[in-house]
Amino acid sequence: MNGSDALAELFRLQEKDLELDRIREEQGNIPEDLKAARARWQSLEAELAKHQGDLREQEMEYRQNEAEIADLKEKLGRAKEAQRQAQGAREQTQYENVIQQLTGRYEELEGLNEPKFEEISRLEGEVERVKALLAEAKPKLEELEAANAARVEALEASYQSKLAERNALAATIPANLVKEYEAVRKSRKGQGVAKVARTGSGYRCMGCNVQLPMNIAQKVYQGNQIVRCPSCGRIMWKGE
């Protein structure tokens with residue numbers, strides 16, 4: 001295989017590599033309807049977690065208050081019984097003060113727990129509402145996920161088939177040329193070979209659109225050596 005033919009095959013190899021790149025990119029592109037469904041699901045999960053967290057906090061405070069209320073009831077009962085058994089006015093007054101303090105705290109906690117009970121009921125309703133929305137959204141999300149998985153699988157099958165064709169073609173090109181091309185391609189966003197185009201003022205590299213010195217262009221058209229663009233470093237090919 002002469003130099004010109006090798007470069008022609010190398011350009012074909014690049015076309016296959018670019019097609020493989022496109023397949024990989026397409027595999028990573030999530031369909032818009034799936035993106036929307038995922039975002040909706042994540043939003044509902046976050047909302048549910050918030051409501052559940054708020055509910056746990058309200059329930060904990062409610063239980064703590066209820067425990068203190070029960071303790072106050074017991075203390076009030078004992079204080080009232082002790083007041084009834086008190087012998088003197090001073091002792092009666094002492095117990096009266098204790099009863100007032102306990103009653104004040106009892107009424108305070110009752111006042112706190114009444115709206116808290118209502119908030120717990122509201123949050124329980126919110127939790128059930130969001131759970132219902134999640135249950136409603138789940139089948140559609142699963143359907144979209146399955147369709148996307150099938151899409152990615154089909155693209156992978158195509159990729160592997162085309163990769164085998166690409167590797168078979170690469171095996172027919174001198175290994176040192178393929179190695180050089182792959183190194184340039186890696187550093188130049190997937191394009192390691194660039195055609196040279198005739199223009200009114202001379203020749204241009206179609207990879208970077210820079211005008212080439214005449215001696216460089218002549219070497220490319222002679223086709224007996226590998227020539228790199230002095231600007232972008234791509235391997236240059238005169239085209240067919």
Side-chain angles (χ1 to χ4, degrees), residues 21-160:
D21 291 344
R22 286 191 292 271
I23 292 174
R24 277 288 183 249
E25 183 179 359
E26 179 59 26
Q27 281 182 306
N29 291 335
I30 307 300
E32 291 302 319
D33 54 355
L34 178 55
K35 282 183 184 178
R38 284 178 176 177
R40 171 68 171 159
W41 184 266
Q42 291 167 359
S43 175
L44 288 172
E45 284 191 319
E47 185 179 358
L48 178 61
K50 183 182 185 305
H51 290 324
Q52 288 175 327
D54 292 344
L55 178 59
R56 284 192 297 269
E57 183 179 340
Q58 292 294 326
E59 287 176 334
M60 181 181 68
E61 292 176 2
Y62 183 86
R63 286 193 298 268
Q64 288 173 343
N65 289 347
E66 284 294 297
E68 189 174 349
I69 287 171
D71 183 57
L72 287 168
K73 282 182 179 179
E74 185 179 342
K75 288 178 178 179
L76 272 169
R78 289 200 303 268
K80 289 177 180 179
E81 180 62 28
Q83 186 185 42
R84 283 193 294 270
Q85 297 177 10
Q87 299 301 316
R90 182 177 179 181
E91 192 175 0
Q92 286 276 347
T93 301
Q94 288 176 341
Y95 281 116
E96 183 62 31
N97 291 336
V98 170
I99 289 169
Q100 287 179 357
Q101 290 176 0
L102 291 173
T103 301
R105 178 59 178 164
Y106 178 90
E107 291 175 350
E108 179 187 357
L109 289 172
E110 284 282 319
L112 289 172
N113 259 14
E114 184 176 346
K116 198 171 290 295
F117 181 80
E118 294 175 358
E119 178 64 6
I120 287 171
S121 297
R122 186 190 73 79
L123 287 169
E124 286 174 339
E126 287 298 296
V127 166
E128 292 307 311
R129 179 184 65 81
V130 178
K131 282 183 176 179
L133 290 174
L134 281 167
E136 180 183 342
K138 186 176 182 180
K140 182 60 175 179
L141 177 61
E142 290 178 341
E143 177 186 338
L144 291 172
E145 291 286 7
N148 186 56
R151 179 188 70 86
V152 171
E153 185 178 352
L155 286 169
E156 182 62 26
S158 175
Y159 182 91
Q160 293 302 327

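In what follows, residues are counted from 1 in the order of the sequence shown.
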Qualifying residue, where the test is side-chain hydrogen bond (donor to acceptor under 3.5 Å, both in side chains) with R122 and the options are E124, E126, E118, E119
E119

Any heavy-atom pair between the side chains of [Y] and [X] that's under 4.5 Å?
| X | Y | result |
| --- | --- | --- |
| L109 | E66 | no |
| S158 | I23 | yes |
| E74 | R78 | yes |
| L44 | L48 | no |

In Å, rounded to the nearest 0.5 Å, how long is the span from [atom1] of [X] to [atom2] of [Y]?
| X | Y | atom1 | atom2 | value |
| --- | --- | --- | --- | --- |
| S121 | Q58 | OG | CD | 11.0 Å |
| D54 | L123 | CG | CG | 6.0 Å |
| L102 | Q100 | CG | CD | 10.5 Å |
| K35 | L144 | NZ | CG | 13.5 Å |
| Q92 | R84 | CD | CZ | 10.5 Å |
| L34 | K140 | CG | NZ | 10.5 Å |

Please determine whether the number of non-hydrogen atoms from other residues, nucleotides or ligands lying under 6.0 Å from atom [atom1] of [X] exceeds 12.
| X | atom1 | answer |
| --- | --- | --- |
| E153 | CD | no |
| Y159 | OH | yes |
| K116 | NZ | yes |

Are the side chain of T103 and the backbone of I99 linked by a donor-acceptor contact shorter than 3.5 Å?
yes

Counting N and O atoms only, with roles assigned by atom type, does the side chain of Q27 sit under 3.5 Å from a partner on the main chain of V152, one being a donor and the other an acceptor?
yes

If the threshold is 4.0 Å, N to carboxylate O, is there a salt bridge linking [X] and [Y]?
| X | Y | result |
| --- | --- | --- |
| E47 | R129 | yes |
| R56 | E59 | no |
| R40 | E136 | no |

Nearest heavy-atom pair of Y62 and I120: which atoms, and what distance?
CB-CD1, 3.7 Å

Considering all heavy atoms of both residues, which atom of Y106 and which atom of I69 are nearest to each other, and what is their separation?
CE1-CG2, 3.4 Å

Can a side-chain donor-acceptor contact be found between E81 and Q85 if the only test is distance below 3.5 angstrom?
yes

Residues E156 and Q160: side-chain donor-acceptor under 3.5 angstrom:
yes

CA sep, side-chain torsions, deciding dist, call: Q83, Q94, side-chain contact (heavy atoms from CB on, under 4.5 Å):
CA-CA 9 Å; Q83 186 185 42; Q94 288 176 341; over 6 Å; no

Should Q87 and E91 be marked as a side-chain hydrogen bond (donor to acceptor under 3.5 Å, both in side chains) after you check the CA-CA gap, both sets of side-chain angles, and the distance that decides it?
CA-CA 7 Å; Q87 299 301 316; E91 192 175 0; over 6 Å; no

